Amino acid sequence: KEVLKSTNGDEVRCSVENGKVSFNLGNHLTFITNTGGFNYPDLTRAISNQFTLEVSLEPRELIRVLKRAAIYNKNGDGSTLMMIDGNKAKFSAIGNEVGETENELDLDKDYGQFEIAFNNQYLLDIVNQLSGKFVLQLTDALKPFQAIQDNFVHVIMAMHRTDVEEKSKAKDKVTYE
């Protein structure tokens, strides 16, 4: 930031060549850096085009319940369980030393039933950057879900909690008589 101020409004030129990025700041300074040649993971496997539930939320309200859950997550595994039941979403967290909490959020319509566990801080970091309504796209209790606003897709990995896994497996189990 300070370097850009020192250009006194002079033109800043940027170029990319041979895996290097060059920033030419007027006649007096040039920065050159490697692009790193990073191979980013293929996220298309984690980003689903098919989902079973699409929940519309306001960031401000979700931040409020996630921050409350975060207080209890500090001494635990960081997981928060979101339980959607009709037009309510309950967020519960358990802390080893401080007990447990459950906070409720009103939803804009009846979404049926769904449960998923996730790292509270990861979702909180994303939601803190959003303004206005966004959508959570949920597929399965054990699969990643997405927070979407405009053209931005944020992928949050589900946490494998025994209580959620057992319910998910029981739901998929077929009983023959």
Side-chain angles (χ1 to χ4, degrees), residues 1-4 21 23 33-109 111-165 167-168:
K1 200 173 183 182
E2 294 300 318
V3 172
L4 288 176
V21 179
F23 298 94
T33 184
N34 288 325
T35 58
F38 298 112
N39 291 323
Y40 294 99
D42 180 15
L43 290 178
T44 57
R45 294 184 331 189
I47 300 174
S48 176
N49 290 331
Q50 298 176 356
F51 45 90
T52 55
L53 194 59
E54 191 172 33
V55 180
S56 180
L57 295 166
E58 283 288 341
R60 187 181 67 232
E61 293 299 313
L62 184 56
I63 289 169
R64 179 180 54 82
V65 297
L66 291 176
K67 281 185 176 180
R68 285 184 185 160
I71 294 168
Y72 291 82
N73 280 334
K74 287 182 182 175
N75 298 322
D77 64 0
S79 71
T80 294
L81 177 62
M82 178 173 65
M83 299 165 287
I84 295 174
D85 189 8
N87 64 345
K88 303 276 185 199
K90 292 179 183 172
F91 295 81
S92 64
I94 300 170
N96 294 340
E97 297 175 13
V98 291
E100 59 186 88
T101 185
E102 185 173 282
N103 296 285
E104 200 170 85
L105 184 64
D106 291 325
L107 302 175
D108 61 345
K109 66 179 188 178
Y111 287 100
Q113 292 187 323
F114 192 89
E115 286 188 13
I116 191 164
F118 55 90
N119 184 299
N120 187 63
Q121 191 60 50
Y122 293 162
L123 184 56
L124 189 56
D125 287 346
I126 291 166
V127 177
N128 272 320
Q129 304 306 312
L130 303 177
S131 60
K133 277 197 171 190
F134 71 100
V135 173
L136 285 183
Q137 290 181 338
L138 306 155
T139 305
D140 182 86
L142 304 176
K143 293 187 178 172
F145 62 100
Q146 300 160 185
I148 299 176
Q149 187 180 60
D150 300 325
N151 292 327
F152 295 99
V153 177
H154 307 273
V155 178
I156 301 99
M157 303 306 284
M159 289 184 75
H160 295 257
R161 284 183 26 167
T162 315
D163 53 340
V164 177
E165 286 182 42
K167 286 180 185 177
S168 181

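None of these values were measured; they are calculated from a predicted model.
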Approximate separation, where rounding is to 0.5 Å, of [X] [atom1] and [Y] [atom2]:
{"X": "Glu115", "Y": "Leu81", "atom1": "CD", "atom2": "CG", "value": "5.0 Å"}
{"X": "Ser131", "Y": "Glu58", "atom1": "OG", "atom2": "CD", "value": "10.0 Å"}
{"X": "Lys133", "Y": "Glu61", "atom1": "NZ", "atom2": "CD", "value": "11.0 Å"}
{"X": "Asn103", "Y": "Ile71", "atom1": "CG", "atom2": "CD1", "value": "9.0 Å"}
{"X": "Gln121", "Y": "Ser79", "atom1": "CD", "atom2": "OG", "value": "13.5 Å"}

Which heavy atom in [X] sits nearest to a heavy atom in [Y], and how many Å separate them?
{"X": "Glu102", "Y": "Lys90", "answer": "OE2-CD, 3.4 Å"}
{"X": "Leu107", "Y": "Gly86", "answer": "CD1-O, 4.0 Å"}
{"X": "Arg68", "Y": "Thr101", "answer": "O-CG2, 4.2 Å"}
{"X": "Phe134", "Y": "Gln149", "answer": "CB-CB, 4.0 Å"}
{"X": "Ala141", "Y": "Ile116", "answer": "O-CG1, 3.6 Å"}
{"X": "Met159", "Y": "Asn119", "answer": "SD-N, 3.4 Å"}

Do [X] and [Y] come within less than 4.5 Å of each other through their side chains, counting heavy atoms only?
{"X": "Leu57", "Y": "Leu136", "answer": "yes"}
{"X": "Val153", "Y": "Gln137", "answer": "no"}
{"X": "Leu62", "Y": "Leu123", "answer": "yes"}
{"X": "Asp106", "Y": "Asn87", "answer": "no"}
{"X": "Pro144", "Y": "Phe118", "answer": "no"}
{"X": "Phe91", "Y": "Leu105", "answer": "yes"}
{"X": "Phe145", "Y": "Thr139", "answer": "no"}

Examine distances only and state if a side-chain atom of [X] and a backbone atom of [Y] form a donor-acceptor pair shorter than 3.5 Å.
{"X": "Asp140", "Y": "Leu142", "value": "yes"}
{"X": "Asn120", "Y": "Thr80", "value": "no"}
{"X": "Tyr111", "Y": "Ser56", "value": "yes"}

Does the pair Leu53 and Ile84 meet the rule for a side chain to side chain contact (heavy atoms under 4.5 Å, CB included), with working shown?
CA-CA 10 Å; Leu53 194 59; Ile84 295 174; 3.9 Å; yes
NZ of Lys67: more than 12 outside heavy atoms within 6.0 angstrom?
no
Tell me whether the count of non-hydrogen atoms from other residues, nucleotides or ligands lying under 6.0 Å of OH in Tyr122 goes above 12.
no
Would you say the side-chain atoms of Gln129 and Asp125 include a donor-acceptor pair closer than 3.5 Å?
no
Are Leu66 and Arg64 close enough, and set up right, to give a side chain to side chain contact (heavy atoms under 4.5 Å, CB included), and what steps lead you there?
CA-CA 6 Å; Leu66 291 176; Arg64 179 180 54 82; over 6 Å; no
Which is it for Ser92 and Glu100 under the side chain to side chain contact (heavy atoms under 4.5 Å, CB included) test, yes or no, and what are the steps along the way?
CA-CA 7 Å; Ser92 64; Glu100 59 186 88; over 6 Å; no
